[in-house]
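These notes are about the structure you will find just below.
Lettering follows sequence order; numbering is per chain, from 1.
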Amino acid sequence: MQCTVVSMPAAYLQRSYWEDSRLGPRYDPESIEKKWQEIWKEEDIFKVTEGGAGRKYYLLEMFPYPSGKIHMGHVRNYSIGDVLARFLKMNGYNVLHPMGWDSFGLPAENAAIQNNIHPAKWTFDNINNMKSQLMRLGLGYDWDREIATCAQTYYRWNQWFFLKMYEKGLAYKKLSSVNWCPGCSTVLANEQVEGGLCWRCESSVEKKTLQQWFLKITEYADELLEYCDKLDGWPDRVLVMQRNWIGKSTGAEIDFPVTNSERSIKIFTTRPDTLWGVTFISLAPEHPMVDTLIEPRKEDAGIREFVERIRKQGCDERTGALSEKEGVFTGAYCINPLTGLKVPVYVANFVLMEYGTGAVMAVPAHDQRDFEFAKKYGLPLKIVINPLDRTLSPDTMEAAYEGDGHMINSDRFDGLDNRDAMPAIVDYLEERGIGRGVTTYRLRDWGISRQRYWGCPIPIIYCRSCGTVPVPYNDLPVILPEDVVLTGKGGSPLEHLDTFRSVPCPDCGGPATRETDTMDTFVDSSWYFLRYTSPNMEDGPFDTAAANFWMPVDQYVGGVEHAVMHLLYARFFTKAIRDIGLLECDEPFKKLLTQGMVCKEILRCPTHGYVSPEDMAEDKCKVCGETIERGQIEKMSKSKKNTIDPDRIIGRYGADTTRLFSLFAAPPERDLEWSDEGVEGSYRFLNRVWRLIDERLQDISDITPYDGAQPLDKSLKELHHLVHRTIYKVTVDIEERFHFNTAISAIMELVNAIYLWEGIGEDTLSKSVLREAIETVVKLLSPFAPHICEELWERLGNESLLSKSTWPSYTKDALMREEVTIVVQVDGKLRAKINIPTDTPQKTVEEAVLDNEAVTRWVADREVRKVIYIPNKLINLVIR
RNA sequence: GCCCGAGUGGCGGAACUUGGUAGACGCACGGGACUUAAAAUCCCGAGGAGGCAACUCCGUGGGGGUUCGAUUCCCCCCUCGGGCACCA
């Protein structure tokens, strides 16, 4: 039999509170929130159209992957967005604030394999659940614009874009060495490999050579880089990461002829000024000329073995800066085209085929890697750049000199500053036809083929006679078949599904097969913000007029983890779509706010590892009784068992409290440390606001808020001015700084002041001032805690919806103080404070100050040598 | 190694954009009121040291500097977090 006593205390508490409450009903978040969410829905208050009143504002938060349940990171992200949405709406903007689902992806497949449920069903169940969770938070979205990327109506346009890009040569297939994640059984783009590990499952990534589809993001490398300078609404660190990722460098390509051969090796260098210091050449093991060069020495097993071994190494083994430099002499030589000197050709493990030309001219005197390599294999150093303050010598150098200086041992360039010499040397190379100035990028083309089922099919057909044939536009969409069996083994199920795979060739009608790879899900999220502008468009991906009206997104809000991947891809897509002719704007996101993570202390049991707070009783593990160690504050994650379920918090305190806390505990861009007591505090504050209005309701019902017309006495003026200063502060904090935490604290101060205010009388004037104060509190708080405010607004006797009303404005007059506190310093040290009418002239202030005992004590009979006066703020008497 | 960001009470954080009262607001804590009592609520207190007190000194990671005055600007160093990392 089940015991029901457990629920007693809570019920008891509620009842006793009810009895104590003399006036109105107690604050009951659950019923209030439900009530207003329904009313908002009926009134359709978040619906927007292009024809709406006010200036357009496109506000967007990164859409979620429908994993099943929202987490605190979502709560934070979307609370930030909702505050802005409601604030902007009250300020008269026409706010587009949509929501949708990034709903293709691996977890759906994994769930399907584990639980025998179809990915589509799993995904749509999750969407339904998460949608109701978001609604429960009271987030104001125009749900009529909801999109799901796994819907045919959406992904068909992925395919359309792909075909457009294919036509323009921006989508192409090539055989190349790619990143293979064994955990996800699929290929990954370079951006999706973090430190040699898969960004999603942290498996060690392997190299595989496969036929893959690529999008030519490198075509836009220069523009993507250039526009980084124009994105002044983006955080610097994100721009820095993007610039680093694009990795533009300028230098020269130079051909080194191979001796006894017709061929030459093309190298890339950023330091043409060190050309005279080249003492050998290093090739990547994958370099196509390696096999030819070592041919004459093929009986030397050591060479081939070395090359084979390095080629097999995974990227994490190869690329670690710690790993030892290794190489082998190929037996071949080539000629430095400038000096005519013969230098040996090596294969070296640290040279990457993916960058530059896969071949490097080695200048051990001026490059640390070459230096280490040369020392190891006894190769000579040749100094060609000398620093200004000393003279280098090959025999005593302990490290390469990579700095600037004067050129030496470099023929006609001797004596020149090396920086100045670089362009001259490039010109010289070009004149003589042995090299040319070039620019290279670290950015690679975006490999989008995924060997997975739950994604958008790539619209390509392979025909034995016609070759690679794009699916005709009329045949779109290529529908992802649902009658598949997912086993998790033997590759993508599409490969084995003959009804999908076999297809007549669109050109010749002969037997052909479909591409069975699907697209990287980052393709889906690269243009979703455009689809929101016309989510039901059937003749194209989006309506150009609507997109041009709404774009760019004025404010984008999301996690910094997408700094390189999503944000770079989306920028690329925007530019490509512009060049297809569908869009006018160059950049998708005008301003970007990257919010911090939600963190919480981790708990560790010496025998069980991470434990959740529920598994702990009085610092002891419930299972084994060991003392629990309190660990560091870390990002909430299931594996560390330090998550908080938003549903639980909403259930206990309501959506308003949950939102308020997540906004109050830290400014948005910083990490937020979860605190149960802090949530309690936010709840207490809302109760305090509720009671404030409850207690004063009788005084101020049927009273019109003070409008500034009649003159006020001191006490009334104080409150009135505080109200206006608060409006100013909260407005600035929200719109200019996104510092919601300080905005909320300013509202708290106002509430505290109203509680302590004793200026209320029987007269209408004082009541009207109080009414102004209270209505202002409710309005200012409403973007943060919309439900309780809407309810209080109604209880105050207002008939229209608060959500439809306007943001309070402040008057300059009311911001002025009549009396100011002036800080009095003597020699820069605080010695007194005096209250004095605003804008008192310096002379009068000086007189008042020198009349003050606390000041004169410090001045004594010494001479005041200087007086610094900051009007209405500070006076400093300099004695020394 | 390189590039960002940060370091402030017992804790989360304010003030930094424009040098001008350091510690707003909240949490935790202490005291009081209400209550038979507790909870809730309301009011008050609170950086540290010394002092009965008035008050004084110290204090924003450490050390220098500029200034009448530095948490804020400059230089050097330490610690933590993040990103990149043999990119030629």
Side-chain angles (χ1 to χ4, degrees), chain A residues 9 12-13 16-17 20-21 26 194-195 235-241 243-245 247-249 251 267-271 274 282 284 318-325 348-352 354-363 367-370 372-373 440-442 560-561 563-564 596-597 632-633 661 664-667 669-682 684-685 687-688 691 736-737 739 741-749 751-752 755-756 821-830 832-833 854 857 865-870 873-880:
Chain A
Y12 176 76
L13 259 176
S16 63
Y17 179 42
D20 276 357
S21 173
R26 73 182 178 93
E194 297 175 342
D236 270 344
R237 57 180 186 138
V238 174
L239 293 173
V240 166
M241 283 159 77
R243 286 193 192 101
N244 287 344
W245 190 261
K248 178 177 181 169
S249 53
I267 62 93
F268 172 73
T269 182
T270 55
R271 291 291 303 272
T274 59
S282 306
R318 261 288 278 281
T319 55
L322 303 168
S323 74
E324 177 85 0
K325 305 216 169 0
N349 65 340
F350 65 89
V351 181
L352 307 173
E354 297 89 52
Y355 186 81
T357 59
V360 184
M361 65 178 215
V363 187
D367 182 287
Q368 187 58 26
R369 295 157 304 185
D370 297 340
E372 286 169 32
F373 194 87
T440 56
Y441 300 88
R442 209 184 79 113
V560 74
E561 66 272 18
V564 176
M597 301 179 296
Q632 292 198 304
I633 313 291
F661 174 73
F664 178 62
E669 68 277 9
R670 266 212 243 177
D671 286 350
L672 182 154
E673 188 189 328
W674 186 262
S675 147
D676 291 330
E677 294 80 13
V679 179
E680 199 85 42
S682 295
R684 208 146 44 206
F685 172 67
N687 269 292
R688 198 167 147 82
R691 267 192 313 274
E736 287 176 20
R737 312 197 314 159
H739 278 202
N741 55 332
T742 52
I744 294 166
S745 74
I747 302 170
M748 287 174 168
E749 281 180 79
V751 169
N752 291 345
Y755 260 97
L756 296 176
T821 303
I822 295 212
V823 172
V824 186
Q825 296 182 338
V826 178
D827 282 336
K829 291 208 172 190
L830 173 72
K833 290 177 194 179
R857 256 184 34 223
R865 287 189 15 222
K866 195 174 172 187
V867 177
I868 285 129
Y869 180 62
I870 312 289
K873 217 163 198 178
L874 171 140
I875 185 161
N876 186 11
L877 308 177
V878 185
I879 308 290
R880 265 194 319 248

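- Annotation: side chain of T440(A) is in contact with side chain of Y355(A) (closest heavy-atom distance under 4.5 Å).
- Between the CG atom of D827(A) and the C1' atom of C68(B) there is a distance of 7 Å, rounded to whole Å.
- Nearest approach of S282(A) to V351(A), heavy atoms of both residues: CB-CG2, 3.7 Å.
- Here A24(B) is the nucleotide among A24(B), C86(B), U21(B) with the atom lying nearest to any side-chain atom of E749(A).
- For R737(A), a side-chain nitrogen or oxygen approaches OP1 or OP2 of A15(B) to under 4.0 Å.
- Between A33(B) and A40(B), the distance separating the two C1' atoms is 14 Å to the nearest Å.
- One interatomic measurement links the two molecules: CG of L672(A) to C1' of G26(B), which rounds to 13 Å at whole-angstrom precision.
- Residue N349(A) contributes atom CG, which lies 17 Å from atom P of A88(B) at whole-angstrom precision.
- Contacts of F664(A) with the nucleic acid, taken as non-hydrogen atoms under 4.0 Å apart, include base atoms.
- Closest of all the heavy-atom pairs between M361(A) and R271(A) is CE-O, 3.6 Å.
- Between the C1' atom of G82(B) and the CD atom of E561(A) lies a distance of 13 Å, rounded to the nearest Å.
- Under 3.5 Å, the side chain of E677(A) and the base of G26(B) form no donor-acceptor pair of N or O atoms.
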Exercise for the section: Determine, stepwise, if the pair V560(A) / R237(A) fulfils side-chain contact (heavy atoms from CB on, under 4.5 Å). Expected result: CA-CA 9 Å; V560(A) 74; R237(A) 57 180 186 138; 3.6 Å; yes

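- Nucleic acid contact class of N876(A) (heavy atoms, under 4.0 Å, all strands): base.
- The interatomic distance linking F268(A) (CZ) with C87(B) (C1') rounds to 9 Å, in whole Å.
- Rounding to whole angstrom units, CD1 of residue I875(A) and P of C68(B) are separated by 17 Å.
- Nearest-nucleotide mapping onto RNA chain B: of S682(A) and P667(A), the residue sitting toward the 5' end is P667(A).
- Residue S249(A) places at least one side-chain N or O under 4.0 Å from the OP1 or OP2 atom of A88(B).
- R237(A) comes within contact range of the sugar-phosphate backbone alone, with a heavy-atom separation under 4.0 Å but no base atom that close.
- Nucleotides G48(B) and A22(B) are separated by 14 Å at their C1' atoms, to the nearest Å.
- Exactly one of V823(A), L874(A), N876(A), V824(A) qualifies for a side chain to side chain contact (heavy atoms under 4.5 Å, CB included) with L830(A). That residue is V823(A).
- The distance from atom CD of E669(A) to atom C1' of C4(B) is 15 Å, rounded to the nearest whole Å.
- The side chain of R442(A) lies closest to C84(B), out of C43(B), G26(B), C84(B).
- For the pair N741(A) (side chain) and A666(A) (backbone), a donor-acceptor distance under 3.5 Å is absent.
- To the nearest whole angstrom, the two P atoms, one in U18(B) and one in G5(B), are 16 Å apart.
- Between K866(A) and C68(B), a side-chain N or O to OP1/OP2 separation shorter than 4.0 Å is present.
- Within the 4.0 angstrom heavy-atom criterion, only backbone atoms of the sugar-phosphate kind lie near G681(A); the bases stay farther away.
- Atom P of A39(B) sits at a distance of 33 Å from the matching atom of A54(B), rounded to the whole Å.
- Look at CD on E680(A): it is 11 Å from C1' on C27(B), rounded to the nearest Å.
- E673(A) comes within 4.0 angstrom of the backbone, heavy atoms only, and of no base.
- Contact between the side-chain N/O atoms of R688(A) and the OP1/OP2 oxygens of C42(B) is found at a separation under 4.0 Å.
- Side-chain N or O atoms of Y755(A) include one that pairs as donor or acceptor with a backbone N or O of R688(A) at under 3.5 Å.
- OP1 or OP2 of A14(B) has at least one side-chain nitrogen or oxygen of N741(A) nearer than 4.0 Å.
- R737(A) has its side chain within reach of T742(A): a pair of non-hydrogen atoms, C-beta onward, lies under 4.5 Å apart.
- Annotation: A28(B) and G12(B) have their P atoms spaced 15 Å apart (nearest Å).
- Here the side chain of R670(A) is nearest to one of A14(B), U41(B), G20(B), namely A14(B).
- As judged by a 4.0 angstrom heavy-atom cut-off over every strand, D370(A) is placed among residues making no nucleic acid contact.
- Residues F373(A) and F350(A) bring their aromatic ring centres within 6.0 Å.
- Nucleic acid contact for L756(A): sugar-phosphate only, since backbone atoms but no base atoms lie under 4.0 Å from a heavy atom of the residue.
- In this structure, the side chain of D827(A) does not engage the main chain of V878(A) through any donor-acceptor pair within 3.5 Å.
- C42(B) and U35(B) have their C1' atoms separated by 13 Å, given to the nearest Å.
- Not a single ring pair (Phe, Tyr, Trp, His ring centres under 6.0 Å) links W245(A) to another residue, sequence neighbours left out.
- In this structure, G9(B) shows a glycosidic angle within 90 degrees of zero, which is the syn conformation.
- Proximity note for L830(A) (side chain, C-beta onward) versus U21(B), A14(B), C42(B): the nearest is U21(B).
- Contact annotation for S675(A): no contact, since no heavy-atom pair falls under 4.0 Å across all strands.
- Among the heavy atoms of the strands lying under 4.0 Å from K873(A) are primed sugar atoms or P, OP1, OP2 only; no base atom is included.
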Problem - Intra- and inter-strand pairs of RNA chain B in dot-bracket (Watson-Crick or G-U wobble, both distances under 3.5 Å; | for another strand) - result: (((((((..(((.......[....))).(((((.......))))).((((....))))..(((((..]....))))))))))))....

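- In this structure, of C25(B), U21(B), G20(B), it is G20(B) that holds the atom nearest to the side chain of I870(A).
- To the nearest whole angstrom, the two P atoms, one in G69(B) and one in G20(B), are 15 Å apart.
- If you take atom C1' in G10(B) and the same atom in G45(B), they sit 16 Å apart, rounded to whole Å.
- Here N752(A) reaches the OP1 or OP2 of G26(B): one of its side-chain N or O atoms lies under 4.0 Å away.
- Listed pair R369(A) / A85(B) fails the phosphate criterion, with no side-chain N or O lying under 4.0 Å from OP1 or OP2.
- Applying the 4.0 Å criterion to OP1 and OP2 of A28(B), one finds that R684(A) has a side-chain N or O inside that range.
- Both D671(A) and T357(A) lie close to RNA chain B; mapped to their nearest nucleotides by heavy-atom distance, the more 5′-ward contact belongs to D671(A).
- The phosphate of C58(B) (OP1 or OP2) has a side-chain N or O of K829(A) nearer than 4.0 angstrom.
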